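One structure is given below, encoded as structure tokens.
One is the number of the first residue; the rest follow in order along the sequence. Reckoned from all heavy atoms, side chains included, excluding hydrogens, waters and symmetry mates. Nothing here was measured: the structure is a model prediction, and the numbers come from that model.
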Amino acid sequence: MEYCMEDWPEPIINVQSIAESGDTIVPYRYIKPPSHRPEILKSTPQEQTIPVINLAGLEGDEHACNATMHEISVACKEWGFFQIVNHGVRPELMERTRQVWRDFFHLPMEEKIKYANTPKTYEGYGSRLGIEKGAILDWGDYFFLNLLPLSLKNHNKWPCLPETLRETVEECGGEVVKFCEKVMKMVSKSLGLEEEYMKRVFGGYGDEGVGVTMRANYYPRCPQPELTLGLSPHSDPGGVTVLLADERVQGLQVHKDGAWVTVQPLPHAFIVNLGDQIQMVSNAIYKSVEHRVMVNSEEERVSIAFFYNPRGDMLIGPAKELVTPARPAFCKPVTWNEYRLILRKQGLHGKAQVDSLKPS
């Protein structure tokens, strides 16, 4: 029998509660299989790092603009991950957003669980993805909320403490949406499509167009970080992800050429990665990339991810301009509502979800 999406299959225990209990052993539900544990995987070559794109180049002369667009195209083809500096969002606002979420996760547990979520929408405070009973869990808590469409945004579902949280998230969210739209234009143009193409196929006109969500992540200290992960390897299912990373603690790793590359966040940069929907529309010219989150025994880590996704009923598939006899359609079209339902049922499993759409 299919499990009811209204409830979690088992009682939820927030990871922060486990971390603060003083236990020196990670509970078995969080221990990854030997092949997935971080200590046995191929180490990262020290010279590798994700590309850095300076958007100031787009404001320069034709040569500077073309050079920046070429850098974006190469980063999308070879990595699917890159950092962007000079993006237009104020550093002070980025720092304030990160701090207000850190302060939220430091509130008493009874205050946070007022916003406990369910698998129906994931909106609120939670600790797991997927409803598979008995699944191995990740070492992290989160708060998930909707920014767009306006019909789904509900400030009453956002934390009322700290007192500045709602105002700060509203301000930062608005700025990140503008930035995401800029990224979508760059992706479209770099593929040889007209710059509004991606936004249009995502349904992005008007207040009920694209979907934008935010997830604040909290990864507590872990007594045995070599046995678990803060977030299992996966590619993001949506369109574009914009990450405001922890300014002090590294943890994000990207899978590249058989190795896990540790991302070193630059001050006041956004980390951008392409999701499965971009892989689908680009006909796999650009690919979503597996990534994961490490934890450590010394320090907590906080990050804030913004997800720019299609409207739920939009049918997403390869752009006809990018389908040729030499490059046939990578996948069959599917709506975003159908696609994300798979994730909510199964949780994070590498790139199995997008690969399942390939023609048999």
Remaining members of Leu266's ILVMFWY cluster at a side-chain heavy-atom cut-off under 4.5 Å?
-> Val52, Val85
Same apolar cluster (I L V M F W Y, side chains within < 4.5 Å links), Val249/Val263 | no
Under 3.5 Å, is there a donor-acceptor pair linking the side chains of Ser303 and Tyr219?
-> no
Going hydrophobic residue to hydrophobic residue with side-chain gaps under 4.5 angstrom, can you get from Leu150 over to Val176?
-> yes
Qualifying side chain to side chain donor-acceptor pair (under 3.5 Å) pairs, either residue in residues 146-159, two or more places apart | Glu123-Asn146, Ser151-Glu208, Lys153-Glu170, His155-Glu170
Enter the distance from Leu93:CG to Glu175:CD here, rounded to the nearest 0.5 Å.
-> 6.5 Å
May I have all residue pairs that pass salt bridge (charged side-chain N to carboxylate O under 4.0 Å, His left out) and include part of residues 99-119, sequence neighbours excluded?
-> Arg102-Asp246, Arg102-Glu247, Arg102-Glu300, Glu111-Lys114
Salt bridge (Lys or Arg N to Asp or Glu O under 4.0 Å) partners of Glu95, counting only residues at least two apart = none
State whether the number of non-hydrogen atoms from other residues, nucleotides or ligands found under 6.0 Å of Ile13 atom CD1 is greater than 12.
-> no
Between Thr228 (side chain) and Pro225 (backbone), is there a donor-acceptor pair under 3.5 Å?
-> no
Under the salt bridge (Lys or Arg N to Asp or Glu O under 4.0 Å) rule, collect the residues that match up with Lys185, sequence neighbours excluded.
-> Glu196
About how many Å separate CD1 of Ile136 and OH of Tyr28, when rounded to the nearest 0.5 Å?
-> 10.5 Å
In terms of hydrophobic clusters joined by side-chain contacts under 4.5 Å, are Phe306 and Phe82 together?
-> yes
Whether Asn296 side chain and Glu299 backbone form a donor-acceptor pair below 3.5 Å = yes
Would you find a donor on one side and an acceptor on the other, under 3.5 Å apart, between the side chain of Gln250 and the backbone of Pro265?
-> no
For Trp101, enumerate each residue passing the ring-ring contact (aromatic ring centres under 6.0 Å, His included) test, keeping only those at least two apart in sequence or located in another chain.
-> Phe104, Phe143
Does Ser282 have any side-chain hydrogen bond (donor to acceptor under 3.5 Å, both in side chains) partners at least two apart in sequence or in another chain, and if so, which?
-> none
Does any donor atom in the side chain of Thr262 or Gln253 lie under 3.5 Å from an acceptor atom in the other side chain?
-> yes
Derivation and outcome, salt bridge (Lys or Arg N to Asp or Glu O under 4.0 Å), residues Arg29 and Glu10 = CA-CA 12 Å; Arg29 289 293 305 276; Glu10 300 139 330; 3.3 Å; yes
Between the side chain of Asp236 and the main-chain N/O of Gly275, is any donor-acceptor distance below 3.5 Å?
-> no
Just by modelled atom types, is the Tyr142 backbone N or O under 3.5 Å from a matching donor or acceptor in the Asn217 side chain?
-> no
Any donor and acceptor pair, going by atom type alone, linking the side chain of Asp141 with main-chain N or O of Val15 inside 3.5 Å?
-> yes
Taking the six-membered ring for Trp, are Tyr218 and Phe105 ring centroids under 6.0 Å apart?
-> yes
Set of ring-ring contact (aromatic ring centres under 6.0 Å, His included) partners for Phe270, sequence neighbours left out | His87, Phe179
For residues 303-312, pull every pair meeting salt bridge (charged side-chain N to carboxylate O under 4.0 Å, His left out), keeping only residues two or more places apart or in separate chains.
-> Arg311-Asp313
Looking only at side chains, do Glu167 and Thr164 share a donor and an acceptor under 3.5 Å apart?
-> no
How would you list all residue pairs meeting salt bridge (charged side-chain N to carboxylate O under 4.0 Å, His left out) that involve residues 62-90, not counting sequence neighbours?
-> Arg90-Glu92, Arg90-Glu171
List the steps and the verdict of side-chain contact (heavy atoms from CB on, under 4.5 Å) for Leu252 and Phe81.
-> CA-CA 11 Å; Leu252 176 63; Phe81 258 86; 4.0 Å; yes
Do the side-chain N and O atoms of Tyr30 and Asp138 include a donor-acceptor pair separated by under 3.5 angstrom?
-> no
Under 3.5 Å: donor-acceptor pair, side chain of Gln83, backbone of Gln264 | yes
ring-ring contact (aromatic ring centres under 6.0 Å, His included) partners of His255, counting only residues at least two apart = Trp260
Using the salt bridge (Lys or Arg N to Asp or Glu O under 4.0 Å) rule, take Lys189 and Glu194 through it: C-alpha gap first, then chi angles, then the decisive distance, then the call.
-> CA-CA 6 Å; Lys189 291 179 67 176; Glu194 55 94 7; over 6 Å; no
So, does Ser73 use its side chain to make a donor-acceptor pair with the main chain of Met69 at under 3.5 Å?
-> no
Please work out whether the ring planes of His291 and His234 are parallel, tilted or perpendicular, with thresholds of 30° and 60°.
-> tilted
side-chain contact (heavy atoms from CB on, under 4.5 Å) partner of Lys32, chosen from Leu229, Leu137, Leu227, Val26 = Leu229
Please list, chain by chain and in numerical order, all residues satisfying ring-ring contact (aromatic ring centres under 6.0 Å, His included) with Phe202, sequence neighbours excluded.
-> none
Check: Trp139 side chain, Pro220 main-chain N or O, donor-acceptor pair, under 3.5 Å = yes
Check: Ser235/Glu290 side-chain N/O donor and acceptor closer than 3.5 Å = no
